[in-house]
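Order of listing sets the numbers, starting from 1, for every ligand and every atom in it. Note that the structure is predicted; figures quoted are calculated from it, not measured. Hydrogens, waters and symmetry mates are skipped; everything else that's a heavy atom, side chains included, is used.
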Amino acid sequence: MTDETLSNLLHENRRFAPPPELAAHANVTADAYAEAAADPEGFWERAAERLTWERRWDRVLDWDQPPFAKWFLGGTLNAAYNCVDRHVENGLGDRVALHWVGEPADDTRDLTYADLKDEVSRAANTLLALGVGDGDRVAIYLPMIPEAVVAMLACARIGAIHTVVFGGFSAEALASRIEDCEAKLVITADGGYRRGAPSSLKPAVDDAVEIAARAGHEVPHVLVVRRTGQDVAWHERDVWWHETVDTASATHTPQAFDAEHPLFVMYTSGTTGRPKGILHTTGGYLTQASWTHWAVFDLKADTDVYWCSADIGWITGHSYIVYGPLANGVTQVMYEGTPDFPERGRWWQIIAEKKVSIFYTAPTAIRSFMKQGREIPDRSDLSSIRLLGSVGEPINPEAYVWYRDVIGGGKVPVVDTWWQTETGAILISPLPGVTSGKPGSAMTALPGIGADVVDDAGTPVPNGSGGYLVLTRPWPSMLRTIWGDDERYVDTYWSRFKEQGYYFAGDGAKKDEDGDIWLLGRVDDVMNVSGHRLSTTEIESALVSHPKVAEAAVVGASDETTGQAVVAYVILREEAGDGGPEVVQELSAHVRTQIGPIAKPRQIMIVPELPKTRSGKIMRRLLRDVAEQRAVGDVTTLADSAIMELIAAGKAQST
Ligand code: WT7
């Protein structure tokens with residue numbers, strides 16, 4: 001974000017007070033802040049009582065060996081039981097858990113909590129029969145179909161650790177995750193629907209399993225859902241979901257696990273080429289996913305219809321489609337397709353049809369709808385909406401106000417929720433019945449959470465100043481470590497402000513005159529494209545692994561719709577010639593196969609040199625200037641200051 005944008009933001013002075021009707025019946029009132037501040041552990045202890053425990057904890061927090069936290073010590077529970085069975089036992093078995101809407105418009109399915117209990121039990125029995133047990137890892141690579149939710153909960157039910165890999169990742173990326181966590185089973189589908197046509201998934205799994213085998217890790221079984229009916233290659237290790245899960249017993253008694261039993265690993269991009277396996281455990285994670293979903297969305301489980309448009313392959317899908325909403329027993333919409341197929345008003349039709357009351361999406365989607373014009377949403381009756389949420393990247397005030405006016409009828413609260421894969425659940429957000437929202441600000445830390453903005457030395461900055469966002473206290477849904485790499489966990493998050501004992505989030509932030517927090521984007525080599533986190537280094541490594549590439553530098557350039565876009569600068573090897581559209585295409589395709597379509601550069605520029613400091617560090621700041629078509633900034637620290645002219649004048653080839 002440029003300084004100019006920042007100062008515009010901070011002159012934003014519109015305020016939106018909570019609607020009085022909502023405030024009068026809000027789940028959480030202003031008192032919660034003071035109560036939690038006086039006794040954060042007591043506060044989270046009460047939040048944990050939302051769940052059903054088999055054995056109550058002896059101690060709320062063990063922070064004796066920071067930064068390794070343990071929450072709800074001695075407590076035992078089953079996450080799937082909490083998300084499914086207990087609602088059935090409480091007489092809510094007939095309540096719809098999922099209004100599933102497929103991409104082919106007439107393809108829909110409603111699953112009640114009782115249906116979900118049967119399905120999850122069958123899948124749990126199948127996993128056990130396939131030799132998967134307590135502590136084993138299961139990779140899930142599925143489209144947005146109910147089986148994805150069932151598969152996750154089946155793992156949780158038997159104490160297996162799931163790692164869901166987004167379907168937009170390549171075979172290579174899937175293989176590296178399977179290898180890293182040594183998955184014993186992969187759950188996938190023949191394919192899924194994308195813009196009206198079946199697209200395949202199984203071939204990527206076949207390749208990934210082969211790649212993992214060559215690296216020495218054998219995957220004994222692949223469980224395959226038949227979704228599209230397309231032809232698939234079949235191996236001895238493969239089993240069909242409909243031949244196993246559908247015929248398995250629907251009786252399965254869940255066993256309680258320790259509060260600190262691992263629940264899942266979610267891979268995310270860091271500042272190096274290797275993705276990090278973020279480990280979340282059971283009791284604290286489920287407590288905070290459930291509490292925040294109830295508090296931030298002011299959830300009334302008996303009457304609300306909730307919809308989060310994220311994919312289950314990201315943390316948002318884990319916490320705010322699966323664990324939070326299901327632990328809270330609400331009815332939700334789950335949608336398989338893209339926002340604009342078969343037509344651009346598809347989302348709004350679904351909201352009108354299912355009477356969605358709470359809707360949670362990303363700024364990038366809002367901005368693309370803004371571009372299409374309000375006529376499209378205006379065709380649908382959106383009067384059921386009573387609350388809107390935003391997540392994944394800073395929301396610019398224009399998008400916030402458009403969202404509130406056009407989708408929210410100018411009367412509903414918008415909650416801008418800041419969090420990360422690592423935090424597991426929302427940490428900074430307005431409370432809809434308490435906070436007067438400022439468009440563009442995530443406002444303040446939730447009750448029970450310690451957040452601050454500090455300078456280089458770790459000293460909190462005064463109001464009106466910027467710095468680094470830190471978390472000053474452990475929280476229940478915090479990551480416990482990076483899978484298999486405690487050292488990297490300590491280095492990445494806890495070494496920057498070691499003395500203060502603060503968690504370093506990697507985001508820049510500013511406190512305004514009232515002390516409210518404005519997020520300003522990453523301060524490290526991590527990009528945010530359409531709310532998806534991508535590592536510059538990871539894409540650079542992918543490019544450099546191509547035989548024609550000598551060197552590569554990647555930057556995130558600001559993009560009107562996607563927030564940031566990937567722009568790559570590449571030096572070719574001599575034998576590759578001086579490049580041309582075919583080479584650019586080839587490199588773009590290479591990034592696709594190495595990482596996946598989401599990492600595909602918006603632009604690849606073939607350049608003769610890269611700007612480097614005398615110590616050899618690439619100056620990405622200057623490359624960003626070129627990518628954003630700005631005058632190139634200060635070049636005095638460059639080893640060779642003529643390089644920028646060469647680059648700016650060089651061939652820019654778009655992909
Ligand atoms: C990064 C985390 C949180 C689930 C989706 C992304 C950025 C997230 C906001 C927000 C400004 C935000 C941050 C953060 N981010 N939410 N409301 N305002 N920035 O999860 O892939 O782990 O990415 O997304 O930069 O560090 P993730």
Ranked by distance from atom 3 (C) of ligand 1, the top protein heavy atom is Trp419 O, 3.1 Å

Return the residue, atom name and 0.1 Å-rounded distance of the protein heavy atom closest to atom 4 (C) of ligand 1.
Thr316 OG1, 3.2 Å

Answer with yes or no after comparing the ring centroid distance for Tyr489 and Phe68 against a 6.0 Å cut-off, counting only values under it.
yes

Taking 4.0 Å as the limit for heavy-atom contacts, which would you say applies to Arg522 with ligand 1: side chain only, backbone only, both, or neither?
side chain

How far is atom 10 (C) of ligand 1 from the closest protein heavy atom, and which atom is that?
Glu393 O, 3.5 Å

Would the Trp307 and Tyr360 ring centres measure less than 6.0 Å apart?
no

One finds that the ligand 1 atoms under 4.0 Å from a non-hydrogen atom of Val391 are 3 (C), 4 (C)

Is Ser390 close to ligand 1, meaning an N/O of one under 3.5 Å from an N/O of the other?
no

So for Gln420 against ligand 1, with non-hydrogen atoms under 4.0 Å, the contacting part is both

Atom 25 (O) of ligand 1 - nearest protein heavy atom and its distance:
Asp507 OD1, 2.8 Å

Under the criterion side chain to side chain contact (heavy atoms under 4.5 Å, CB included), which of Asp416, Asp514, Asn13 is the partner of Lys438?
Asp514

Determine whether the side chain, the backbone, both or neither of Asn528 has a heavy atom under 4.0 Å from any heavy atom of ligand 1.
side chain

Would you call the rings of Phe264 and Tyr285 parallel, tilted or perpendicular, taking 30° and 60° as the class edges?
perpendicular

Write out the residue and atom name of the closest protein heavy atom to atom 24 (O) of ligand 1, then the distance separating them to 0.1 Å.
Gly392 O, 3.3 Å

Report yes if Thr417 has an N/O atom closer than 3.5 Å to an N/O atom of ligand 1; otherwise report no.
yes

Asp416, any N or O under 3.5 Å of ligand 1 N or O
yes

Here the atoms of ligand 1 under 4.0 Å from any heavy atom belonging to Ile315 are 4 (C)

After noting the C-alpha distance and the side-chain angles of Gln372 and Phe369, does the key distance pass the side-chain contact (heavy atoms from CB on, under 4.5 Å) rule?
CA-CA 5 Å; Gln372 294 166 9; Phe369 294 129; 3.8 Å; yes

Atom 21 (O) of ligand 1 has as its nearest protein heavy atom Arg533 CB, 3.4 Å

Using side-chain heavy atoms (C-beta onward) and a distance below 4.5 Å, is Ile598 in contact with Val529?
no

When rounded to the nearest 0.5 Å, the distance separating OG1 of Thr536 from CG of Asp525 is 4.0 Å

Any non-hydrogen atom of Pro394 lying under 4.0 Å from ligand 1?
yes

Testing Pro474, Pro476, Pro447 for side chain to side chain contact (heavy atoms under 4.5 Å, CB included) with Trp44, which one passes?
Pro476

Taking atom CZ as the centre, does Arg194 end up with more than 12 heavy-atom neighbours from other residues, nucleotides or ligands that are less than 6.0 angstrom away?
no

closest protein heavy atom to atom 22 (O) of ligand 1 is Thr421 OG1, 2.5 Å

Quick one: CG on Leu326 to OG on Ser290, what's the gap to the nearest 0.5 Å?
10.5 Å

